[in-house]
Amino acid sequence: MELIFEISKKGKKGFSLPTRDVPEASSLPGKYLRNGDTGLPELSEPEVVRHFTNLSRMNFGVDSHFYPLGSCTMKYNPKFLEKIAQLECFSSVHPLQPQLIKGGILTQGSLEVIYNLENLLSEITGMDAFTTQPMAGAHGELTGVMLMAAYHRHKGNKRKYILIPDSGHGTNPASAAIAGYEIKTVKSNEKGVLDMIELKKALSEETAGLMITCPNTLGIFEPAIKEISDLVHGVGALMYYDGANMNAILGKARPGDLGFDIVHLNLHKTFATPHGGGGPGAGPVGVKKELEEFLPTSRVVKRKDGTFFLEYDKPLSIGYISQFYGNYSVLLKAYAYILLLGKEGLIEVSENAVLNANYIKARLKAHYEIPCPDGCLHEFVISARKQAEKGVHAIDIAKALIDRGIHPPTVYFPLNVKEAIMIEPTETESRETLDRFIAIMIELAELAEKDPESFKAFPRTTPVGRLDEVKAAKDMDLAYL
Ligand SMILES: *Cc1c(COP(=O)(O)O)cnc(C)c1O
C-alpha cells in the first residue's frame with residue numbers, strides 16, 4: 001500500500017502534516033497575561049452535544065408529540081420551507097444593500113417577495129393593503145390599534161374606548177391599553193357569542209373600535225358578525241379582526257367581506273413558522289383603503305417598469321413599528337407556504353382543521369361537560385367541572401396527559417368557562433393520532449371517577465414530577481433542574 005504522505009518535515013509528495021500554531025505566552029504584552037485559571041467549564045464536544053440533545057429530548061414539540069394547544073395552532077410546519085428560508089440569495093442580503101444598481105438587481109427579489117406576500121395576504125383576507133413589519137400577533141394588534149388611533153385623530157375625533165369581548169385573548173386589552181385606550185369588556189351570552197344587548201349598551205360616540213376574534217376562542221363563528229359590524233360602524237368606530245384563528249376560515253370567509261377594517265395575522269400560527277418559546281414570528285397587519293395612508297413606513301412600491309423600491313414619503317404614516325421590514329425569514333416561509341398549497345390547499349387546511357376538531361369534540365361529548373355542545377370550527381372548549389367534583393381539576397388532567405406523551409391543551413382559558421380545557425388539533429394530525437388522544441381522554445375521565453387521588457402523582461415521567469407552579473415562577477434555581 002502506498003502512503004499518501006509521510007509524517008516528516010517534508011512529505012514524499014510534498015505534503016506535510018500541519019502543526020498547531022499556538023502563540024508563545026511570552027509574545028503577548030505582560031498586562032494581557034492571566035495569572036490563574038479562568039474558571040470556565042472545560043467540556044469536550046461530545047459532552048456538550050449530549051447535554052443539549054438530552055435537554056431537547058425533555059421537551060415537547062410538534063416534531064415529537066401531539067400538541068393540541070388551543071388558540072395556538074401548533075401545526076406541523078413542512079421542512080421544505082426551512083430550506084427556502086436558508087437560500088443564500090435571501091439569507092445573505094443586508095437590508096441596507098442598495099435596492100437597484102445599474103446593470104444589477106441586488107435586493108429587487110427580496111422586495112418582490114414582500115410585495116407579492118402583501119398582495120396574497122390582502123387577497124386571503126379581503127383587505128386592500130398590508131404591512132409586514134410587526135413581529136408577533138400582539139405587535140400586530142398594537143400596530144392595528146395605533147392605526148385606529150391615527151385614523152380617528154386625523155378625523156378630529158376624540159375617542160376613548162376599545163370594546164373587547166370577555167372571551168378575547170389577553171393580548172387584546174394589553175395592546176389597546178399600550179396604544180392609549182381604555183378598555184370596555186363586552187359579555188358573551190350563554191351560547192358563547194357576543195351578547196348584542198351588552199354590545200349596544202357599551203357602544204357610543206366615544207368608542208374607537210371593537211377588537212374581536214372570529215371564530216372566537218370557543219371555536220364559534222359569531223353568527224351576528226354583519227349586524228355587529230353595522231352597529232360598530234354606525235357610531236363611527238372601526239372593526240378590528242384578531243386573525244390568530246385564521247386557520248379556521250382560510251379560503252372560506254374573508255374578514256374584509258365581513259366588515260372588518262383592520263386585521264392582523266399570525267404567520268407563525270397559520271402560515272407555517274414553528275413557534276413557542278418566544279421564537280421569531282410575524283404579525284402582518286392589513287387594512288381597508290381608508291386606513292392605508294397611516295400604515296408604517298417604508299412601503300414596498302412597484303414601478304411601471306416592473307422594478308420595486310421602498311417609499312418613505314408618507315406624511316400620515318405612524319412611522320416605523322420595527323426595524324426594516326419585519327422578520328424576513330418568517331415572511332419568506334409564509335410566501336413559500338402559500339405558493340406551495342395554492343388556493344385548493346389553503347381551503348383543505350381549514351376544512352381538515354375543522355373536521356379534526358369536530359371529530360374529537362363529538363367523541364368526548366359523553367365523557368366531559370361541553371359548554372357549547374354544537375359544532376365548532378378549528379378548536380373547542382370542554383370543561384372538567386364534572387371531574388372537579390371528584391377533586392380532579394383541569395390542571396390534573398393536563399399533567400396526566402404529559403405522562404401519556406401528549407402536550408396538554410390550553411387550560412383555564414377562555415376565562416368565561418370554568419375548568420376550561422381548550423383543544424385545537426390542527427389539520428396536520430392523522431386519524432390514528434386523534435383516536436389515541438380520544439382514548440386517553442376517555443381513560444382519564446374514567447380514572448377520575450374510580451381513583452381521583454391518583455392524579456396527584458402526575459406527571460411521573462418528568463425529571464421533577466409535579467411542579468409547584470408558584471415556586472417555579474419565582475424560584476430561578478428550579479430552572480437548572
Ligand atoms: C396567539 C394569539 C394572539 C397573540 O399572538 P402572539 O404572536 O403570541 O403575540 C392574539 N390573539 C389570539 C386569539 C391568539 O391566539
Side-chain angles (χ1 to χ4, degrees), residues 62 67-75 77 121 125 131-146 162-179 183 185 188 192-194 209-222 225 239-250 255 260 262-286 321-322 326-327 329-331 333-334 353 357 376-381 407 409-417 420 422-426:
V62 177
Y67 210 124
L69 191 66
S71 194
C72 291
T73 312
M74 300 299 284
K75 61 182 175 183
N77 303 290
L121 296 180
T125 56
T131 173
T132 58
Q133 276 188 34
M135 294 188 172
H139 198 196
E141 292 169 28
L142 177 65
T143 308
V145 182
M146 284 169 71
I162 299 266
L163 310 187
I164 301 172
D166 57 1
S167 64
H169 196 266
T171 49
N172 292 180
S175 303
I178 291 173
I183 319 300
T185 305
S188 309
V193 299
L194 206 63
L210 170 74
M211 291 179 91
I212 188 168
T213 311
C214 185
N216 64 23
T217 33
L218 291 164
I220 298 168
F221 193 91
E222 293 287 342
I225 196 68
M239 289 282 287
Y240 182 95
Y241 184 83
D242 176 335
N245 291 343
M246 195 68 199
N247 221 46
I249 60 166
L250 271 182
F260 286 92
I262 308 170
V263 328
H264 90 257
L265 297 173
N266 290 52
L267 297 189
H268 49 291
K269 289 181 182 171
T270 316
F271 296 95
T273 281
H275 65 288
V285 170
I321 195 78
S322 67
N327 272 330
S329 68
V330 180
L331 306 177
K333 280 186 259 186
C376 61
L377 290 190
H378 67 307
E379 64 191 358
F380 61 96
V381 177
H407 190 286
T410 301
V411 288
Y412 301 112
F413 180 76
L415 304 175
N416 55 346
V417 174
M422 185 186 194
I423 299 166
E424 180 182 4
T426 82

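Counting convention: from 1, in listed order, for ligands and their atoms alike. Index from 1, following the sequence.
- Side-chain contact between Leu121 and Pro284: present, with at least one pair of heavy atoms (C-beta onward) separated by less than 4.5 Å.
- At a heavy-atom distance under 4.0 Å, only side-chain atoms of Asn266, from C-beta outward, approach ligand 1.
- The parts of Ser71 lying near ligand 1 are both backbone and side chain, judged by heavy-atom distances below 4.0 Å.
- Looking from atom 10 (C) of ligand 1 to the surrounding protein, the closest heavy atom is Glu141 OE2, 3.1 Å.
- In terms of polar-atom proximity, defined here as any N/O pair under 3.5 Å, His268 does make such a contact with ligand 1.
- Applying side-chain contact (heavy atoms from CB on, under 4.5 Å) to Leu377 and the options Ile249, Ile220, Asn216 leaves one that passes, Ile249.
- Atom 7 (O) of ligand 1 is flagged as protein-proximal [any protein heavy atom, distance under 4.0 Å].
- Looking at ligand 1, you'll find an N or O of Ala138 within less than 3.5 Å of one of its N or O atoms.
- Among protein heavy atoms, atom 11 (N) of ligand 1 sits closest to Asp242 OD2, 2.6 Å.
- Not close to ligand 1: His139, with no non-hydrogen atom less than 4.0 angstrom away.
- Remark: ligand 1 atoms within the under-4.0 Å shell around heavy atoms of Ala244 are 2 (C), 11 (N), 12 (C), 13 (C), 14 (C), 15 (O).
- Looking at heavy atoms from C-beta onward, Thr410 lies in side-chain contact with Leu69 at the 4.5 angstrom threshold.
- Taking any N or O of Lys269, backbone or side chain, at least one lies under 3.5 Å from an N or O belonging to ligand 1.
- Each of Val263, Ile321, Ile262, Leu142 was compared with Val285 under the side-chain contact (heavy atoms from CB on, under 4.5 Å) criterion, and only Ile262 meets it.
- Here's the thing with Thr213: none of its N/O atoms is less than 3.5 angstrom from an N/O atom of ligand 1.
- In this structure, His268 contributes its side chain and His275 its backbone to no donor-acceptor pair below 3.5 Å.
- At under 3.5 Å, a nitrogen or oxygen of Gly137, whether backbone or side chain, sits near a nitrogen or oxygen of ligand 1.
- Without hydrogens or angle criteria, Glu379 side chain to Gly219 main chain gives no donor-acceptor distance under 3.5 Å.
- Donor-acceptor pairing under 3.5 Å is lacking for the side chains of His264 and Tyr241.
- For His275, the closest heavy-atom approach to ligand 1 does not fall below 4.0 Å.
- To the nearest 0.5 Å, the span separating CZ on Phe271 from OG1 on Thr73 amounts to 10.5 Å.
- Using a 4.5 Å heavy-atom threshold, the side chains of Ile162 and Tyr240 count as separate.
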